[in-house]
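In what follows, chains carry the letters A, B, and so on, assigned in the order in which the sequence lines appear, proteins first and then strands, with residues in each chain numbered from 1.
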Protein chains: 2
Amino acid sequence: MVSSTVENYLKALYKLANENAEVNISELSSELEVSKPTVNAMVKTLQQHGWVIYTKYKPLKLTEEGRKAAALILRKHRLTEMFLVEKMGFGWEEVHEIAEQVEHIKAPALFDRMDELMDYPKVDPHGSPIPDKDGNIIQKDSKKLSEHEVGEKVMLIALNHSSKEFLEFLDSRDISLNTVFEIKSVENFDDSMVVSYEKHPSETLSQKVCERLLVEKV
Amino acid sequence: MVSSTVENYLKALYKLANENAEVNISELSSELEVSKPTVNAMVKTLQQHGWVIYTKYKPLKLTEEGRKAAALILRKHRLTEMFLVEKMGFGWEEVHEIAEQVEHIKAPALFDRMDELMDYPKVDPHGSPIPDKDGNIIQKDSKKLSEHEVGEKVMLIALNHSSKEFLEFLDSRDISLNTVFEIKSVENFDDSMVVSYEKHPSETLSQKVCERLLVEKV
DNA sequence: AAATTTTGTTAGAGTTATCTAACTTTATAT
DNA sequence: ATATAAAGTTAGATAACTCTAACAAAATTT
Ligand SMILES: [Mn+2]
Ligand SMILES: [Mn+2]
Ligand SMILES: [Mn+2]
Ligand SMILES: [Mn+2]
């Protein structure tokens, strides 16, 4: 049976492959905060599972089977997060750590039941898509808030990175998924934006924040 | 952090200590289906945690701290089982395997939330008591059905052993917790009992079954 | 009391997952 | 083109958890 350690490497590889197609040992090493020799050894395990194509000194390529296996772990992670929020009353900033553990549980029925009880949600509490049982994943196309212009009205549909600190910042400003922003102005100096949204007639968001908010035009 | 392997040894030790007070390496070895040298090594780890008193060639004694640590794992196991049955619609025969994994998750808030959502249940789906947050456990006193006599009316409050096969047998006879039996007769030859209960005017239960049903007089 | 069986320990080894140190290969800069 | 830096690999070690084989101690039987 695949250990949670191996599953975490696969997940990290999947994440990096979504950003770059080809992935370096070094990237995986810093993503997972383990040494390069450790990654080097683990890559051989991933290869034995048919999840990665590996040739000495060449960048790693995730295979289709690897992509699917990773998506099925993400499915468990995201169903868990959604279940914790929707059915158990946790805040969106509390669920990632728990899901990081629960995603390794080998009990398909548990996750299918969560799925059913929530009536087959399409996204997790942070707006990330939930892969289906075959590992298919529908990525809604969205743009960063920072790429939009003054006067546009956009709705928050997902987050780019979702650290606890960032989520708590959003909570403090009453920003949640589906919040509709109107862009009032963009500061040339630091690319910060002034936006308005329900109950907040004027709020300034730093560029860092605007890059992490994925929105679609309304 | 304590690994799930170590936690499983502690649980097994707790279980055996409840039956015998003193526990042998051999007993643990067969309970967990690992070799005796493996147990011998692990006992030294348990000792380092202060969970067991160990002297070469002497039987093991669970310490008070060990008892408490074990009870807290059992708490997570049983809350999980109850949650799966009460809130997620699983059958009582499906939940043990899942709980065996979930009990190792390090997220106190998850289990406290389950507890709260179920309004602090006292027993799991098999009638076993759920320890409180301090590891205190209230064992309801009950007798085996086999120890009762003709004419008595008793209610099923817990199960002695709860293998999937046994639970499925009970399902097939519509026997569940709180079922009230009236003992119609006891067969001297094989100690089987004929009982009646709701919708079952006459059902024969083997001695093996009667020994696994924990009941109290009504 | 001696023999036998059961129980427990030690020794030695394998697997997984990790590290550091040293080296090699590839990429980048001068 | 050469030097330097970055990336990748190999070697060797450690910790956790497991095994089998061999031996020692304790308990049981004869
Ligand atoms: Mn997450
Ligand atoms: Mn994880
Ligand atoms: Mn159980
Ligand atoms: Mn377990």
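Distance from the side chain of A:Ser35 is smallest to C:dT20 among C:dT20, D:dC17, C:dT9. Closest contact between the side chain of A:Tyr57 and the listed nucleotides D:dT10, C:dT9, C:dT24 involves C:dT24. Among the nucleotides D:dT9, C:dT18, D:dC17, the one closest to the side chain of A:Ala41 is C:dT18. Of the candidates D:dC19, C:dT10, D:dA7, D:dC19 carries the atom nearest the B:Val34 side chain, counting heavy atoms from C-beta on. Of the candidate nucleotides D:dG8, C:dA17, D:dC19, D:dC19 has the atom lying nearest to any side-chain atom of B:Pro37. In the set D:dT10, C:dG8, C:dA17, C:dG8 carries the atom at the smallest distance from any side-chain atom of B:Ser26. Nearest to the side chain of A:Met42, among D:dT9, C:dT18, D:dT18, sits C:dT18. Side-chain atoms of A:Thr5 lie closest to C:dA17 of the nucleotides C:dA17, C:dT10, D:dT9.
Under 4.0 angstrom from either OP1 or OP2 of D:dA22 there lies no side-chain N or O belonging to B:Lys36. Not one side-chain nitrogen or oxygen of B:Lys58 sits closer than 4.0 Å to the OP1 or OP2 atom of C:dG8. OP1 or OP2 of D:dC17 has at least one side-chain nitrogen or oxygen of B:Ser3 nearer than 4.0 Å. Side-chain nitrogen and oxygen atoms of A:Thr38 include none within less than 4.0 Å of the OP1 or OP2 phosphate oxygen of C:dA17. Phosphate contact (OP1/OP2 of D:dT10, side-chain N/O of A:Lys44, threshold under 4.0 Å): present.
When every heavy atom of A:Ile175 is checked against every heavy atom of A:Phe181, the shortest pair comes out as CG2-CZ, 3.7 Å.
Heavy-atom neighbours of A:Asp134 CG from other residues, nucleotides or ligands within 6.0 Å: above the threshold of 12. Counting heavy atoms of neighbouring residues, nucleotides and ligands inside a 6.0 Å radius, atom CD of A:Glu149 does not exceed 12 of them. Counting non-hydrogen atoms of neighbouring residues, nucleotides and ligands closer than 6.0 angstrom, the CG atom of B:Asn20 exceeds 12 such neighbours. By the 6.0 Å contact criterion, NZ on A:Lys106 is enclosed, its count of non-hydrogen atoms from other residues, nucleotides or ligands being greater than 12.
Residue B:Asn24 contributes atom CG, which lies 11 Å from atom C1' of D:dA27 at whole-angstrom precision. Here D:dT20 presents its P atom at 13 Å from CD of B:Glu33, a figure rounded to the nearest Å. Taking atom OH of A:Tyr9 as the reference point, atom P of C:dT16 lies 14 Å away to the nearest angstrom. Straight-line distance from the CG atom of B:Asn40 to the C1' atom of D:dA24: 13 Å, rounded to whole Å. If you take CD1 of B:Ile25 and P of D:dA27, they are 14 Å apart, rounded to a whole angstrom. The nearest whole Å value for the distance from the OH atom in A:Tyr54 to the C1' atom in D:dA7 is 12 Å. Here C:dT26 presents its C1' atom at 14 Å from NZ of A:Lys56, a figure rounded to the nearest Å. As a whole-Å value, the separation of B:Met1 CE from D:dC17 C1' is 16 Å.
Separating the NE2 atom in A:His77 from the CD1 atom in A:Ile98 is a distance of 10.5 Å, to the nearest 0.5 Å.
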